Every structure is written in C-alpha cells, then in structure tokens.
Amino acid sequence: MSSPSKPTPQRPIYTLAYWRQRLSAREDQTFLALTIVIGALAGLAVVAFILLTERLGARLFPPNVSVLRRMLAPAIGSLVIGYVLVRFFPDARGNGVTQTRAAFYSSDARITLHAVVGKFLCTSATLASGIPLGPEGPSIAVGAGIASVLGRKIGLSTEKVRSLIPVGAAAAIAAAFNTPIAAVIFSLEEIVGDLHAPVLGSVVLASATAWMVLRLSLGNEPLFHVPQYALVDPLEFAIYAVLGVAAGVVSGVFIRLQLAIRAQFRRLPARTAWAQPLAGGVVVGLVGYFVPQILGVGYDHVSALLNGEMAIRLAALLVVLKLITVVASSGTGNAGGIFAPVLFIGAMLGGAIGGVAHIILPHHTASPGAYALVGMGALFAGIIRTPMTSVVLVFEITRDYAIIVPLMIANLVSYFISRNVTRESLYEGLTRQEGFHLPSSGDHSREDARRVFQILRPPEDSLPAAMTVAEASSAIGSSRARSWLVMDQNGVRGVLSTAHLRNFLADRQSDITLGDLFESPVFPHLHRDHSFDLALERMGHSGLDQLPVVSRFNVRELLGVVRLQDILAAYHVVPAEADKAVEKTTPTS
C-alpha cells in the first residue's frame, strides 16, 4: 500500500518566493495592480530623467558659456558616451522605440534591467552634452523596460509580460510630453499596431497614473506656453496645405538621410563602433560654434518662435541645420530619441512658411506661431507615420481646439506626400537595418484568419549557394519542383524558380554561382504569424510556389517553408498530399 503523498511545504511569508507564488496564481488581479505600479514608476523615472538632464546641461552649458566649450562639449561627450555604450551598455544605443517594438514581438518579451539603467544614464549624459536628440524615445524604452522587468520578476506568463510593454511605454510618454491621451494612442498605434487592442484599458490606466505623478512632481505646466490662435481667413487653409506639402517633402528627406547615414556607419568594422558617435558630435560642435540654437533639445527656442520672439530667417536656417545635425548624431549611434528634434524642425518649418505668408498677406493670415504649431504635427505625421497621435499630441500640448482643423489638413497632406517620397516609415527602416522584420499596421488582419504556422513544413527542395548554374541545372534533373531555396552557411540566401535557372543557363551564364544571382539581401519570405492572404499575395507577386518562413529577428534563419499546394489543400481546393497518395494506391473498380 502506497504511503499518502506529503503536502507541498508552505514557503515563509516574508520570502520573495512566497509572494511570487501568490501573485502569479492570481494573474489577472496582479496584472491590474501592476499596471498602476508601472505607471507610477515610469512617471518617476521620467521626472528623474528630466531633472538629471537639465542639471547636467546647466553645468556643461552655463549662461554665457564660451564658444570653445560649445564646440568641444558635443564632440567629447559623444566620444565618451560612445565608449560607455559599447563597453558597458550595448543595448542602450538608438532611439528606444525600435528596441521597445522588438521586445514586444520577441518570444520572451524581455528587456533587462541593465538595458534600462544604461538607456537612462547614457541618454541623460548625451543630451546634456548638447547632442540635438530628445528624451522621449528613450523614456519609452525605460518605461517598457520597467514593465518587462517587474512582470518577469513577479512570475507572470510571457503573454502577460508582453501586454505590459505597451503599458509601460504609454506611461512614459504621458509623463515625457504631459499628454496622457496622445500617449495611449501612440502606444497602440506604433508599439502594438492596433488601436482596438485588448490592452487598451491597462494602457489608459497606466498613462493616467504617470500623468498624475508628473503633475505632483513638476506641476501641471504644458510643454509650451502659447497664445490662443484663431483662423483669420479661409484662405489660410490653402497655406496650411502648402505647409503640409513642405512637411511631407522634409519628412521624406529626413527618413532617407537618416537611414542612409546609419547604413554607411553600420558597414564599418565593429571595432570602430565606440568611436562612430564622435563623427556626429563633431558635426554638432562645428554647427553649434556658429549657431548655438541647434544644441540640445531646444524646446526653449520652439517656445520663442511660438510666441513671436524669433526672426523668420533664423527659423528657416534652423530647419536645415537642425536636420543635418540630428541625422548626423542619430545616424552615427548616439543615444537619444527623435521626437523632440521632429517637433523642433516642424515648428521652425511652419514658422518660416507662416512668416513668409504673413509678410505677403498680413491681413489674411495669423501670426507665424500658429503655423509653427501646425508644422510640429505635420512633420510628426510625415516622419513617425502616426497621424492620429500627431493631431492629439499637438492639441494636448497647446490645449487649443481652434488649431485642430488646420492641423488635420496639414497632417493628411504631409502623410500622403511623405509616403510617396519613401514608402518606409522611419521606425520600419530602422528595425529592418537591425535585422528585425516586425509587423506593420498593414500586416494586421482579422483574428480568425488562418496563419502560416498552421501549414509550416520542413524544406525539401534546396540548393547550396556555392553551386554553379550548370551544376544546379544538372542536379535538379527532371524534378517537378518549380522553385528552390538557395542556402549558404548563414541560412537562406534566396529563392530561385526552375524557370529562372533555365534562363540563366540559356543565356550562357552557367559558371555563375547561385549565391551571386542574389545581389540584394532582401528576398520573398514569410513569418509564422502571417496570414494565408499575405502568403498568396507574395507568391503571386514573386511567381514562386513556395516561400521560406524566417525569423523576425534574423531573416536568414529558416524556420520552414510554405507551399502553394498546402494553402490550397487547407482550403480544400485540392486534396492534400496524403490523400493523393491514398488515391494512387486505391484500385479502381
């Protein structure tokens, strides 16, 4: 007779293991309480971020600072922080939003405490040294990191931890901009990619909590103090549309320059990574020597323009100089976000266009400050590609309802023009350069859609990249396969159809290796969570009857293949291979 099982020993109530066990057993209640805690901690982190950056900046750039320090501080600061980033905090480079989105879609939703601390310290020091980036993007990474760390420490499931990442991101941006509504929309629009996400309630609660923490700590001051504006004449709508066109063009140029510079520096040897930010610091220092207004975040100069205290010529000059210094410092690897620079450049662009319009039509246009406000939102919509967020953000910053309609007109035009200049948004381009292939807003389909992982199978038809065209043609022989994966030691190199292979042979290119046929690292592929609709669309566009399924974090890592035959079989259009095999072996009557 077996002895009765012993009861599970109770852990002492004062131990972390006891409370972790209790909290993980009540996951839903714990998630709700944790939402409030994350909102409070993210709000406090942003407050500390603001105070630390301001005090460091005041020491490095006191009133009447010498021009020599103005030139040297960005260069020295970027060199020192570049070394610290590579040596101690390699995960703290970049804008923060890209890393947050990658963590949200990763398998373990993991952001380490080490990365949070590094982002906080390195970004504070970078901004204080005069580098013209912003604190909002890194704040998002800090807030999301706090959420990820707490969720994992308490023992929540991976899916619950993943749901906490947009919660922490919204809390951080609510405190950074003092805009709780825009924070909710941005977190859902950019991080999650779905404004109807189930996590909406928690995002709202965390955003409100962080906003209250900010008010209690620093008061309820808006980001900018602006006078009330009113539409002077309906003719202004046409001028706002022109501003939208200009913002769209500048947005496209900004995205292309940023991605091009970053791509060039990523091609340099890895051993130079610590010194690369110095290039951006030198550019900032040289420009700052002559035009000190480009140094740092620059919100005080935006306020001056909004209140009519800046010359229009200077505003126009700052559009060009700030754009150059921002793409140089960000593209070379300095820690910092691009929200603040985007608002700065947009304000200067709007102020310059509004100033010219006011000179030409003084009785039919508002002051340049109104156009500066609209320019901020228009450039945000063109670069970040979150038009809903940009409208609400400017509205919350100014608390002026009269600016909404001009803002919507300029935003829509800017968004359209920017997409025609470059189809890729800034964050999509940055994640692609990191080797991440994350879903865009267009990838989201209905919840009940069939997914690629349901018919994923191991690859059967592949060829080595080192094989020549002639050898490959001989190897496939009379095979009925219509497409082949080309593989090398790093994984997938591309996909080649049998017809294309025969064409190369007919063109007397038999000595070329298969790997040399693929000049671009981009090839048709799918991810596990893609729908059948998207798989069929990509097969039709590429003319291939099978596509590799690869990791979102390494496009060369093969997870399996999806074949047209299997998709049709899933819809019962054609019988599956197993059924066809049975039919062949069944004797006819």
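Quick caveat, the model's predicted, so the values are computed rather than measured. Index from 1, following the sequence.
- Between Leu127 and Pro135 the shortest side-chain heavy-atom distance falls below 4.5 Å.
- Proximity of Leu164 to Ser148: side-chain heavy atoms (C-beta onward) are nowhere separated by under 4.5 Å.
- No more than 12 heavy atoms of other residues, nucleotides or ligands shown are found within 6.0 angstrom of OH on Tyr289.
- Around the CZ atom of Arg266, the shell of radius 6.0 Å holds more than 12 heavy atoms that belong to other residues, nucleotides or ligands.
- In terms of modelled atom types and a separation under 3.5 Å, the side chain of Arg162 and the main chain of Ser106 share a donor-acceptor contact.
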- Message: Under the criterion side-chain hydrogen bond (donor to acceptor under 3.5 Å, both in side chains), I'd like the reasoning laid out for Arg262 against Gln433: C-alpha separation, chi angles, the key distance, then a yes or no.
- Response: CA-CA 8 Å; Arg262 194 168 184 268; Gln433 288 184 343; 2.9 Å; yes

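- Between the side chain of Ser414 and the backbone N or O of Ala378, at least one donor-acceptor pair lies under 3.5 Å.
- Side chain of Asn95 to main chain of Thr98: a donor-acceptor pair is present (N/O by atom type, distance under 3.5 Å, no hydrogens or angles).
- Atom OG of residue Ser390 and atom OH of residue Tyr415 lie 10.5 Å apart, to the nearest 0.5 angstrom.
- When all heavy atoms of Gln293 and Leu314 are compared, the pair lying nearest together is NE2-CD2, 3.8 Å.
- Contact check for Ile111 versus Val149: no side-chain heavy atoms found under the 4.5 Å cut-off.
- Residues Ser202 and Ser163 fail the side-chain proximity criterion, which asks for heavy atoms closer than 4.5 Å.
- With sequence neighbours excluded, no residue forms a side-chain hydrogen bond (donor to acceptor under 3.5 Å, both in side chains) with Thr386.
- Within the 3.5 Å criterion, the main-chain N or O of Ala366 finds a donor-acceptor partner in the side chain of His358.
- In this structure, the side chain of Arg423 does not engage the main chain of Ser418 through any donor-acceptor pair within 3.5 Å.
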- Should Arg70 and Ser66 be marked as a side-chain hydrogen bond (donor to acceptor under 3.5 Å, both in side chains) after you check the CA-CA gap, both sets of side-chain angles, and the distance that decides it? CA-CA 6 Å; Arg70 234 169 33 212; Ser66 66; over 6 Å; no

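- Annotation for Ile181: atom CD1 does not count as buried by contact number, only 12 or fewer foreign heavy atoms lying within 6.0 Å.
- For Arg69 (side chain) and Leu60 (main-chain N/O), a donor-acceptor pair under 3.5 Å exists by modelled atom type.
- The backbone N or O of Val213 sits less than 3.5 Å from a side-chain atom of Ser217, completing a donor-acceptor pair.
- Applying the side chain to side chain donor-acceptor pair (under 3.5 Å) rule to pairs touching residues 315-340 yields Gln258-Ser330, Thr332-Asn334, sequence neighbours excluded.
- In this structure, Phe186 has its ring center under 6.0 Å from that of Phe339.
- Remark: aromatic rings of Tyr299 and Phe344 are distant, center separation not under 6.0 Å.
- When the options Ile185, Asn411, Ile403 are evaluated for a side chain to side chain contact (heavy atoms under 4.5 Å, CB included) with Val391, the one that passes is Asn411.
- Ser187 contributes no side-chain N or O that, together with a main-chain N or O of Val184, makes up a donor-acceptor pair within less than 3.5 Å.
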- Please test Arg385 against Glu189 for salt bridge (Lys or Arg N to Asp or Glu O under 4.0 Å), starting from the C-alpha separation and ending with a verdict. CA-CA 9 Å; Arg385 303 278 173 87; Glu189 197 173 14; over 6 Å; no

